[in-house]
Amino acid sequence: MTKDVWRIGVAGLGTVGAGLLNFLSDRPGFAPAGGQAVITGVSARSRSRPRPFDISNLPWFDDPVALAASPDNDLFVELIGGSDGPAKAAVEAALNAGKPVVTANKALIAEHGAELALLAESKGVPLLFEAAVMGGTPAVKMLREAMVGDDIKSVAGILNGTCNYILTEMDSGGRAFADVLAEAQRLGYAESDPTMDVGGFDAAHKISILAALAFGCAPTYAAAEIEGIDGIELLDIKLARDLGYRVKLVASADRSSDGVLVRVHPSLAPINHPLAQAGGALNALFIEGTRIGTIYIQGPGAGAGPTAAAVAADIADVMTGAVRPVFQRPAGELKPFTPVDPSKSMGRAYLRFLVKDEPGVIAAVSETLAEAGVSIESFLQKPVENADGVPIVLTTHAVAESVLTAAIDRIANLPSVLERPRLLRIARI
Ligand SMILES: NC(=O)c1ccc[n+]([C@@H]2O[C@H](COP(=O)([O-])OP(=O)(O)OC[C@H]3O[C@@H](n4cnc5c(N)ncnc54)[C@H](OP(=O)(O)O)[C@@H]3O)[C@@H](O)[C@H]2O)c1
């Protein structure tokens, strides 16, 4: 499907849309495959909103669906966002019109990727979404193309820059979650409604997409087990550091003979581990293949420049004429997603208890853990100023999650334990 001129409709002129229009005005005649990319229509909510580029000469569409279906463009770029609503309607309209689609929309692909892939492939057109995961860092292409000859066992990493920024600032500045979040919102690193980011949902969208690409199954966001960073206390960041760890929001997808386990939760990474070293708004990803071994990539996961570069790379792919399956294999042959019960998974853990300052407490906690079958790896008691009690913290050897939660339930009921113990997993990478 090569052409001399590719006429592109762009819906969404916010951070990423602005980045794309600036990119194309900096690179007039962007012609990665010989043909030239030209914007022939734009859509956003407000036509009169001041924008960091001139749209006065571009055909304007109030309705992104009309833009998507317009015969005046050959390629549709969706940069609105949201799993449903105008973004989904416009992508469907473009695909139904037999047009290639490029999107940065992780919510759309994670929640409707399987049905959209069927539609795209039935029309013989590409549906590309490199910018949807890790922004400018090419994770999607790596899994869909470069590693398609391998059998991937796991993918895991830091997929949300806002959470990584907040955790890094809490760790380096000794500041509480709410304080850092408020600053991140002032600086524009976090949305005014930060739920998608700090609740772990954005990372869950991204890891669901990576799981589909890695394992050849339909993306199944609904099966992801999700815990965000909104419950992280500065005390845990400090105690984890004393034990030689940093707290990171880790998203992971593991394949086993039972199925696929997709999880997002705050996890401890050893301080010298690349994940612990990836600070600020960086994203980082480990991919473990059966033949290739382990690959590590790290880079910017958001921002106008990096994300627009990924969108431009997808546009270039469309212009070269290549059409690959949307995920790892044709949409009609995607394997069913069989979720694995997280309570059966094995792993090491960090447990923090707030206890009464009285003799015999540590013995009671240790005995309860031993009776439940949880073996202690290290133990730390620090004199932290806290009028309500004394925190003690320990790490465990690998244990089944169901055994661990049963032990926590029992310890929470001990008379000398003042609140439910805090559990953080230790990253398995
Ligand atoms: N920001 C990042 O760094 C980044 C990174 C990776 C992926 N993404 C993804 O890229 C997409 C866009 O993100 P963004 O940060 O650029 O969002 P944004 O700044 O909020 O921009 C959204 C754009 O969509 C337009 N829009 C909203 N509702 C619309 C409607 N009903 N019809 C037409 N246009 C509509 C808005 O119009 P107005 O401008 O008139 O309000 C705005 O231009 C999302 O899927 C996001 O998840 C973003």
Side-chain angles (χ1 to χ4, degrees), residues 9-23 39 41-53 55 58-70 76-94 101-113 116 127-140 158-165 184 187-197 201-206 208-210 221 280-283 299-314:
V10 180
L13 301 175
T15 304
V16 185
L20 180 65
L21 266 69
N22 281 330
F23 173 90
I39 306 268
V42 291
S43 175
R45 234 173 341 211
S46 161
R47 187 173 192 174
S48 56
R49 168 169 293 183
R51 308 210 181 257
F53 46 83
I55 54 167
L58 294 172
W60 172 268
F61 290 73
D62 283 327
D63 180 5
V65 176
L67 172 64
S70 164
F76 180 65
V77 180
E78 184 278 303
L79 303 172
I80 297 171
S83 60
D84 292 273
K88 180 166 181 270
V91 166
E92 285 171 341
V101 170
V102 171
T103 177
N105 190 335
K106 51 254 180 177
L108 176 72
I109 299 299
E111 298 189 33
H112 302 293
L116 293 174
L127 166 60
L128 300 176
F129 44 87
E130 183 59 63
V133 185
M134 294 184 83
T137 310
V140 171
I158 297 168
L159 299 179
N160 184 277
T162 304
C163 289
N164 207 33
Y165 171 81
L187 295 172
Y189 296 153
E191 304 278 340
S192 51
D193 177 0
T195 314
M196 285 303 288
D197 289 325
F201 306 107
D202 175 81
H205 279 141
K206 293 167 178 169
S208 302
I209 295 171
L210 294 183
Y221 170 70
L282 279 177
N283 280 200
T307 310
V311 172
D314 278 349

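Start at 1 and go down the list; that is how both ligands and their atoms are numbered.
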**Asked** Looking only at heavy atoms of E78, does any of them come nearer than 4.0 Å to an atom of ligand 1?
**Response** no
**Asked** At a 4.0 Å cut-off, with the gap strictly under it, does some heavy atom of A132 reach an atom of ligand 1?
**Response** no
Is a side-chain N or O of [X] found less than 3.5 angstrom from the main chain of [Y], in a donor-acceptor match?
X	Y	value
E130	G135	no
T15	A304	no
N105	S83	no
N164	G280	yes
S70	A66	no
S43	F61	yes
T103	F129	no

Quick check for you: to the nearest 0.5 Å, what is the distance between [X] atom [atom1] and [Y] atom [atom2]?
X	Y	atom1	atom2	result
L127	D314	CG	CG	9.5 Å
L159	H205	CG	NE2	13.0 Å
N160	K106	CG	NZ	8.0 Å

Nearest-contact summary for [atom] - protein heavy atom, Å:
atom	result
atom 26 (N) of ligand 1	I80 CG2, 3.7 Å
atom 16 (O) of ligand 1	V16 N, 2.8 Å
atom 25 (C) of ligand 1	G12 CA, 4.0 Å
atom 6 (C) of ligand 1	A131 O, 3.3 Å
atom 41 (O) of ligand 1	R49 NH1, 2.7 Å
atom 44 (C) of ligand 1	G81 CA, 3.6 Å
atom 42 (C) of ligand 1	G14 N, 3.7 Å
atom 30 (C) of ligand 1	P86 CG, 4.0 Å

**Message:** Can you list everything that forms a side chain to side chain donor-acceptor pair (under 3.5 Å) with Y221? Sequence neighbours excluded, please.
**Reply:** none
For ligand 1, is there an N or O atom under 3.5 Å from any N or O atom of [X]?
X	answer
S43	no
L13	yes
R45	yes

Go through ligand 1 atom by atom and flag the ones less than 4.0 Å from a non-hydrogen atom of [X].
X	result
S46	40 (O)
L79	12 (C), 22 (C), 23 (C), 24 (O)
N105	45 (O)
P64	32 (N), 33 (C)

**Prompt:** Taking all non-hydrogen atoms of both residues, which atom of A11 and which atom of P64 are closest, and how far apart?
**Reply:** CB-CB, 3.9 Å
**Message:** Once you restrict to heavy atoms under 4.0 Å, what part of T307 touches ligand 1? Side chain, backbone, both or neither.
**Reply:** side chain
**Message:** Considering G82, G17, A104 one by one, which has a heavy atom nearer to atom 10 (O) of ligand 1 than any of the others?
**Reply:** A104
**Message:** Among all the protein's heavy atoms, is there at least one whose distance to atom 20 (O) of ligand 1 comes out below 4.0 Å?
**Reply:** no
